[in-house]
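Basis for what follows: all heavy atoms, side chains included, without hydrogens, waters or symmetry-related copies. These numbers were taken from a predicted model, which means no experiment stands behind them. In what follows, every chain begins at residue 1, and chains take the letters A, B, ... in the order their sequences are listed.
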2 protein chains.
Amino acid sequence: MASPDKPTSFDIAALAGVSQPTVSRALRGDPTVNEGTRKRIEAIATQIGYKVDKNASSLRRGQSSTLALLFFEDPLPDGTAINPFFLAMLGSILRTCAKRGYDLLTSFQQLSSDWHKDYEDTRKADGLILLGYGDYELYRARLQDLVRQRTHFVRWGSVELDGLGTTIGCDNMLGGRLAAEHLLSRGRRRLAFIGEASSHYPEFRDRYHGFCDTQLEAGIEPDPRLQIGALSIEESGFEAARQLLANKVPFDAIFAASDLIAIGALRALQEAGKSVPGDVSVVGFDDIPAASLTHPPLTTIAQDYNAAGEALVDTLIGEIGNHSAEIRLLPPRLIVRKTS
Amino acid sequence: MASPDKPTSFDIAALAGVSQPTVSRALRGDPTVNEGTRKRIEAIATQIGYKVDKNASSLRRGQSSTLALLFFEDPLPDGTAINPFFLAMLGSILRTCAKRGYDLLTSFQQLSSDWHKDYEDTRKADGLILLGYGDYELYRARLQDLVRQRTHFVRWGSVELDGLGTTIGCDNMLGGRLAAEHLLSRGRRRLAFIGEASSHYPEFRDRYHGFCDTQLEAGIEPDPRLQIGALSIEESGFEAARQLLANKVPFDAIFAASDLIAIGALRALQEAGKSVPGDVSVVGFDDIPAASLTHPPLTTIAQDYNAAGEALVDTLIGEIGNHSAEIRLLPPRLIVRKTS
DNA sequence: AAGGCAAACGCATACGTATTCAGCGCTGCT
DNA sequence: AGCAGCGCTGAATACGTATGCGTTTGCCTT
């Protein structure tokens, strides 16, 4: 009504008795603007509620001060919840972006779609953060496209895909070792592993490797019959644990490749009348929020999602500013609760 | 290297032997462009990897095809996880945005900050989705600002704040009734409620009202000593349940105002040696993902976050297109698991 | 044969900001 | 007095797209 259109820098200029470029300079903090002039301009701007039009600004500057966060997962039954570990990371990513003056575009894609072309190309974002697991062949192809297009991006995950951009990940081998050390220190000797250990799931495979290495160093030969494949959902963990029980190969501990798997395994053990941690110790991985809510609360290997989110954002911003790409491994940490 | 700069519509125009405006029209699907011409332009565009610059496009069109999602919560101990119910909604909001051709900017704010000025004013978003609980006085002031600035927004929450924009919420009264009906049908007669029931927490208050109304209709006078305040965190539910037990007022069921509270209450009951559901039935509210993972799995009143997210996005898009504002109440649903 | 009409397209320009370059007034130095 | 240099500002323009309006062409009408 009073002001039908949003004010522009020209309006401010007119009111302040200066030219539009001076307004732009003043508001961006250019030191060539006289201090008094800047004060006057800023006062007028806040008074009439002027805000820089970020579309025009981005167009002119060639950058948008926006990052895009892409969740993707391949076998996506519609309505499926997003991986809780990634969701937990979201909070820290959001906070870090805010601190650094970036906005965050969020998107949820199927790995098989064309997500890799949709953001930086359209100039809506200066760089991409990729969070997702899935078919590693397809993933590799997408990453190659991104590298070819010189898109700025960082990725969370296994450090497997070398040369394909910057990766930040958890030291999964170390995580596996921590789990094994802990279980051994509790007197357990027949350690089972639930989770896919093939090269299609490098994170899980590394966790398993570390887990086995530590056992070997302690003079224990890991029994391959105690490794059961499972995907990172509760149901899959439940099934795998049932199968483990059905196999009748004795075991006194389970290291689950993720907390969701561990939760499913817990359920299977309890339904089978096993006491946790009396008969069987259980250790999970991730430390998702639900891990402390299980009964009994789950001992797990925590990935520090606060540090992870911050590292992703800061590394990406560095990358955009043409700083060197690097690979960063974050150390996991053992959280002892009541299942071990 | 080969193409140092990203291609523009002028490049496409030159290659196709037409003018730039024709390229723009062709790619936007303008029917005045000849079918053959469009095909040719589209072929060239995909071939050289052209993408519309959304900054320029947004600037010219005066809209960004982007929505902004704002989480906020007031007492924000740094590092706190975001409310899991809102997080669960995120997936459906993302999917709906994608379906409707919108991008989503996500942000995490403190209620006390200036979030309400930061998005639509800068033209980065066409509208706002607000998710958050908190101090209702402060909230009201913020909403008034938004209305005054004619910002497009929708809000999830209690329908309390009438006239302040469009609100979508769960029918909390009905949810309370469902909980009471269910517990009564299980033969329970001494029903407790854990959660703040003051007007500062309209959602909880409404749940409590519906809960009491149904009891009254069944000829049962709700005992005010069986209502204990609690905020929506696990710890608070734990404390409240302990207090309830300490009061020595007999009860055979607990309706918790949220699942997090219910999870805390479960823990308190089990530590006190009470059997669930043998001695005490427990019903939660929200149906967060963790609800099915408790032991025993939690009976709860589900808010359909898929429907909620879709409703929020679609209503906001309607609002942007100047369709009438409305208030929508979504029905909750009873999910019977093992705690009742 | 002349006028009318619709389809298809080009010209010019606007969106609001940021930056380059030039200009102005002034000080200080030779 | 003349000139370099500095501090500050304005004029002009570029960023890439979308759109109002006018123009061309071919075809149909009477």
- Residues A:E35 and A:R38 bridged, charged N to O under 4.0 Å: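 Counted as a salt bridge, because a side-chain N and a carboxylate O are separated by less than 4.0 Å.
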- Would you mind building the protein contact string for nucleotides 4-13 of chain D? One character per nucleotide, 5' to 3', B for base within reach (heavy atoms under 4.0 Å), S for sugar-phosphate only, - for untouched. ----SBBBB-
Rounded to whole Å, please give me the gap between [atom1] in [X] and [atom2] in [N].
| X | N | atom1 | atom2 | answer |
| --- | --- | --- | --- | --- |
| A:R28 | C:dT20 | CZ | C1' | 15 Å |
| B:K51 | D:dT17 | NZ | C1' | 16 Å |
| B:L59 | D:dA14 | CG | P | 16 Å |
| B:R38 | C:dA8 | CZ | C1' | 12 Å |
| B:R123 | C:dT17 | CZ | P | 9 Å |
| A:I41 | C:dT17 | CD1 | P | 13 Å |
| A:Q63 | C:dT17 | CD | C1' | 13 Å |
| A:D30 | C:dT19 | CG | P | 9 Å |

- Task: When you get a sec, tell me which of C:dG16, C:dT19, D:dT17 is the closest nucleotide to the side chain of A:R61?
- Result: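 The listed nucleotide nearest to A:R61's side chain is C:dT19.
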Does [Y] offer a backbone N or O that forms a donor-acceptor pair with the side chain of [X] under 3.5 Å?
| X | Y | result |
| --- | --- | --- |
| B:S57 | B:D53 | no |
| B:T315 | B:L312 | no |
| B:R25 | B:T32 | no |

- Task: Take the angle between the ring planes of B:F108 and B:F71 and call it parallel below 30°, perpendicular above 60°, tilted in between.
- Result: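 Taking B:F71 first and then B:F108, their aromatic rings stand perpendicular (interplane angle over 60°).
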- For A:K54 and A:T66, test the side chains for any donor-to-acceptor distance below 3.5 angstrom and give the result as yes or no.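 Judged by distance alone, the side chains do not pair up.
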- With B:S64, which of B:T122, B:N55, B:D126 fulfils side-chain hydrogen bond (donor to acceptor under 3.5 Å, both in side chains)?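 The single option meeting the side-chain hydrogen bond (donor to acceptor under 3.5 Å, both in side chains) with B:S64 is B:D126.
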- Report which part of the nucleic acid B:T8 touches: base, sugar-phosphate, or nothing (heavy-atom distance under 4.0 Å, all strands).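 Sugar-phosphate: the residue B:T8, judged by heavy atoms under 4.0 Å, touches backbone atoms but no base.
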- Query: Is A:S57 near enough to C:dA18 that one of its side-chain N or O atoms lies under 4.0 angstrom from OP1 or OP2?
  - Reply: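 Indeed, a polar side-chain atom of A:S57 lies that close.
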